[in-house]
Amino acid sequence: MSRPDRKSLLAEIAPELLDELNETHERSRELPALLGAENGVVMRFAPNPSGPLHLGHARASILNDYYVRRYGGRYVLRIEDTDPRRVDPGAYAMVQEDIEWLGLGITDIVYQSDRLDVYYDWCRKLIEIGGAYVCVCEAERFRELKLKGKACPCRDQTVEENLELWQRMLDGEFYEGDVTVRVKTDLAHPDPAMRDYSAMRIVNAPLHPRVDATVFPLMNFSVAVDDHLLGITHVIRGKDHIANTGRQRYIFDYFGWKQPVYYHYGRMGISGVVLSTSSMREGIKSGVYTGWDDIHLGTMRAIARRGIQPEAVRNAMIDIGIGETDITFSWENLYSRNKELVDPKANRYFFVPDPVEVDVEGAPRHEARAALHPNDPSRGVRTLVTAGRVLVPKADIEGREMVRLKDLYNIRIDWDTDAPHVSYAGDLLEDARRVKAPIIQWLPVEAKLPCILHRQEGDVEGFCEPLVAGEVDNVVQFERIGFARVDSVDGGRVSAYFAHR
RNA sequence: GCUGCUAUAGUGUAGACCGGCCAAUCAUGUAGGACUCUCACUCCUACGACAGGGGUUCGAAUCCCCUUAGCAGCACCA
């Protein structure tokens, strides 16, 4: 019974249950409330423009987005490009595109490279109130002292001395590595990570693509200053930032600012793909991957190419939530989220992988009509006409005596001869059912398009229905194979990417 | 090594703050079945977990301690 049929039948026998049937299965669960968010929130997504967005970014950005939507407020995109070494000029645009694809409700955009003067300004103020000093020690030497909880000589410089050194830093009198501005914290702090961390440093090379400067803030300084200046109320980020939250507190305390409310979710491991931008870049360079959208990668563009819908990513991330437990990202769960989105939409087509051509002896000319979507007859049918020469998947007839060509007729296969001998075995579906013959997809030899199905495990070549050429950019379902996104049609050759079953 | 966070089925998640209503929720997965001219969808059934050990208590998944394991930070990266 089809879905509409079931519905009308239910209306007859138990109309009171109809509501239950129509109930949209609201998949996304409710995440825990945010502390003090009742009157709206200001949150941020702060990627480093070193490459396109991947699943790790997706979690951060979607979780923050979820709460901004829930409580109302502003959602700031803050491009954290304060390390010229880690800026890929092309990434600014890629990040922008990926955000658009994800459908994030960004309300404000700021580039940290536009705000260097702001950081310089607050750095000077921090020095003036004795909250920071300019350190000329070697990094290694300082590290040793820090681990022992001892102060370096620079720590005792006067404010005036520090201000002068700071000015000389800005004037370009120092080179990279010679000098750094440190926030004065607590050398006796039990966690060595908290002790006198760096706030400003010099980078001479490479040149920053957006700004002419050599003095750059370190993340903990610029983030603290920006979070306050931009009025950020809540921050949701990975637990790798727990220590940074503690470090940033010193700056907030020095200036008498109120810290946002922080939530730190656990580490998300993703099986099967590399997530580090640098190793992805390396792989692309060395030819292991075809590009940022290589289907073996966990980038948004790679996932999109495979026909995963942004809403599926969103739902999967909200399912995961903001728990502090370390988790393994499950492709299965994402695929399931995608399937619930894509199944009602995807038209059905035949794709015959690894085909063999057979001549069905005694077959009458037949016109098969297969539904474009079994649960939605209003979409119509594909019509496949054959006089008896058809393509079938080799693997599906091997060792079989009888199979049914879906929506066409039954065929008998005789394996006694050298080449299998195929003959017409009647139209009746019941006959096939009775002997439990599999119902398989097929194609008329007269009407087929070469089709390559790209999968992570390797490409599969075969043929598909001509109508697939009209589905470029859409997700279709190849019957008995799975869902795939039709990527392109080039000279009558179809290229599709496998999503999932 | 130092500091900190976490531990519920194969995977994700609820319950934990305010112990009893939890022989533990939901989703996914797997297996079986119904429906179906797809191994899709839908529906039904089954499977499967409180890391281990102590303690507090009439009663612990929930509170305390220890152990174990995983993770993170200890950068002039973000």
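Any value given below was found using the heavy atoms of this structure, including those in side chains, with hydrogens, waters and symmetry copies removed. Numbered from 1 within each chain, the chains take letters A, B, ... in sequence-line order.
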When the distance from [atom1] of [X] to [atom2] of [N] is rounded to whole Å, what number comes out?
{"X": "A:Arg195", "N": "B:rC2", "atom1": "CZ", "atom2": "P", "value": "12 Å"}
{"X": "A:Leu341", "N": "B:rU28", "atom1": "CG", "atom2": "P", "value": "14 Å"}
{"X": "A:Leu147", "N": "B:rC2", "atom1": "CG", "atom2": "C1'", "value": "8 Å"}
{"X": "A:His500", "N": "B:rU11", "atom1": "NE2", "atom2": "P", "value": "22 Å"}
{"X": "A:Glu140", "N": "B:rC74", "atom1": "CD", "atom2": "C1'", "value": "13 Å"}
{"X": "A:Asp88", "N": "B:rC77", "atom1": "CG", "atom2": "P", "value": "19 Å"}
{"X": "A:Phe350", "N": "B:rU38", "atom1": "CZ", "atom2": "P", "value": "9 Å"}

## Note on the structure
Here the helical stems involving RNA chain B, each at least 3 consecutive Watson-Crick or G-U pairs closer than 3.5 Å, sorted by first residue number, are B:1-7 with B:68-74, B:10-12 with B:26-28, B:29-34 with B:42-47, B:51-55 with B:63-67

Rounding to the closest angstrom, what is the interatomic distance between [N] and [M] at atom [atom1]?
{"N": "B:rA9", "M": "B:rU25", "atom1": "C1'", "answer": "12 Å"}
{"N": "B:rA60", "M": "B:rC22", "atom1": "P", "answer": "16 Å"}
{"N": "B:rC41", "M": "B:rU36", "atom1": "C1'", "answer": "10 Å"}
{"N": "B:rC44", "M": "B:rG12", "atom1": "P", "answer": "26 Å"}
{"N": "B:rA61", "M": "B:rG54", "atom1": "P", "answer": "14 Å"}

Among the nucleotides [options], which one has an atom lying closest to any side-chain atom of [X]?
{"X": "A:Ile439", "options": "B:rC37, B:rU28, B:rA27", "result": "B:rC37"}
{"X": "A:Asp343", "options": "B:rA40, B:rC74, B:rA78", "result": "B:rA40"}
{"X": "A:Ala139", "options": "B:rC76, B:rU38, B:rC41", "result": "B:rC76"}
{"X": "A:Pro374", "options": "B:rC77, B:rA40, B:rU13", "result": "B:rA40"}

One thing to verify: whether [Y] and [X] come together as a salt bridge, which I'm taking to mean a side-chain N less than 4.0 angstrom from a carboxylate O.
{"X": "A:Asp240", "Y": "A:Arg267", "result": "no"}
{"X": "A:Lys436", "Y": "A:Glu401", "result": "no"}
{"X": "A:Asp88", "Y": "A:Arg281", "result": "yes"}
{"X": "A:Arg210", "Y": "A:Asp114", "result": "yes"}
{"X": "A:Arg412", "Y": "A:Asp431", "result": "no"}

So, does [X] get its side chain near the phosphate of [N], meaning an N or O under 4.0 Å from OP1 or OP2?
{"X": "A:Thr325", "N": "B:rC5", "result": "no"}
{"X": "A:Arg143", "N": "B:rC74", "result": "no"}
{"X": "A:Lys146", "N": "B:rC2", "result": "no"}

Please work out if [X] contacts a base, only the sugar-phosphate, or nothing of the nucleic acid, heavy-atom cut-off 4.0 Å.
{"X": "A:Phe216", "value": "nothing"}
{"X": "A:Asn333", "value": "base"}
{"X": "A:Pro49", "value": "nothing"}
{"X": "A:Glu324", "value": "sugar-phosphate"}
{"X": "A:Asp81", "value": "nothing"}
{"X": "A:Thr82", "value": "sugar-phosphate"}
{"X": "A:Asn48", "value": "sugar-phosphate"}
{"X": "A:Val179", "value": "base"}

### Message
Does A:Glu144 have more than 12 heavy atoms from other residues, nucleotides or ligands lying within 6.0 Å of its CD?
### Response
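Yes, because the 6.0 Å sphere around CD of A:Glu144 holds more than 12 heavy atoms from other groups.
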
### Query
Is it the case that more than 12 heavy atoms not belonging to A:Arg382 sit under 6.0 Å from its CZ atom?
yes

### Task
To the nearest 0.5 Å, tell me how far A:Arg348 CZ sits from A:Lys406 NZ.
9.5 Å

### Query
Taking atom types as modelled, is there a side-chain donor on A:Asn347 or A:His373 under 3.5 Å from an acceptor on the other?
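No, because no side-chain N or O of A:Asn347 sits under 3.5 Å from a partner of the opposite role on A:His373.
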
### Message
Using a 4.0 Å cut-off on heavy atoms, which residues in residues 197-209 of chain A reach RNA chain B? List them by number, or say none.
### Response
A:Ser198, A:Arg201

#### Entry: Near-strand residues of residues 167-177 of chain A, defined as heavy-atom separation under 4.0 angstrom from RNA chain B
A:Gly177

## Note on the structure
Residue pair A:Leu408/A:Val223 against RNA chain B: nearer the 5' end by closest nucleotide is A:Leu408

### Query
A:Leu429 or A:Gly321: which one's nearest nucleotide on RNA chain B is closer to the 5' end?
A:Gly321

Heavy-atom pair with the smallest gap, counting every atom of [X] and [Y]:
{"X": "A:Thr185", "Y": "A:Met194", "result": "OG1-O, 2.7 Å"}
{"X": "A:Ile99", "Y": "A:Ile106", "result": "CG2-CG1, 3.9 Å"}
{"X": "A:Ile62", "Y": "A:Ile318", "result": "CG2-CG1, 4.2 Å"}

Report all side-chain donor-acceptor pairs from residues 168-183 of chain A shorter than 3.5 Å, counting only partners two or more places apart or in another chain.
unit_1	atom_1	unit_2	atom_2	d
A:Arg168	NE	A:Glu173	OE1	2.8
A:Asp171	OD1	A:Gln167	NE2	3.1
A:Glu176	OE1	A:Asn204	N	2.6
A:Glu176	OE2	A:Arg85	NH1	3.2
A:Glu176	OE2	A:Arg85	NH2	2.8
A:Asp178	OD2	A:Tyr175	N	3.1
A:Thr180	OG1	A:Ser198	OG	2.8
A:Thr180	OG1	A:Met200	O	2.8
A:Arg182	NH1	A:Asp196	O	3.3
A:Arg182	NH1	A:Ser198	OG	3.4

### Message
Is the terminal nitrogen or CZ of A:Arg306 (NZ for Lys, CZ for Arg) located under 6.0 angstrom from the six-membered ring centre of A:Phe498 and within 45° of that ring's axis?
### Response
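So A:Arg306 doesn't make the cation-pi contact.
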
### Full working for ring-ring contact (aromatic ring centres under 6.0 Å, His included) between A:His234 and A:Tyr262
CA-CA 6 Å; A:His234 297 75; A:Tyr262 296 92; 9.7 Å; no

#### Entry: CA sep, side-chain torsions, deciding dist, call: A:Arg86, A:Asp81, salt bridge (charged side-chain N to carboxylate O under 4.0 Å, His left out)
CA-CA 8 Å; A:Arg86 291 192 36 168; A:Asp81 55 349; over 6 Å; no

N/O to N/O distances under 3.5 Å, protein versus nucleotides 71-73 of chain B:
unit_1	atom_1	unit_2	atom_2	d
B:rC71	O4'	A:Asp326	OD2	2.9
B:rC71	O2	A:Lys239	NZ	3.1
B:rA72	OP1	A:Arg267	NH1	2.9
B:rA72	O2'	A:Lys239	O	3.3
B:rG73	N2	A:Asp191	OD1	3.4

### Message
Suppose we screen for side-chain hydrogen bond (donor to acceptor under 3.5 Å, both in side chains). Which residues come up paired with A:Arg141, at least two apart in sequence or across chains?
### Response
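For A:Arg141 there are no side-chain hydrogen bond (donor to acceptor under 3.5 Å, both in side chains) partners, ignoring immediate neighbours.
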
### Message
Quick check: any donor-acceptor pair below 3.5 Å linking the side-chain of A:Glu332 to the base of B:rG12?
### Response
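Result: no qualifying N/O pair found.
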
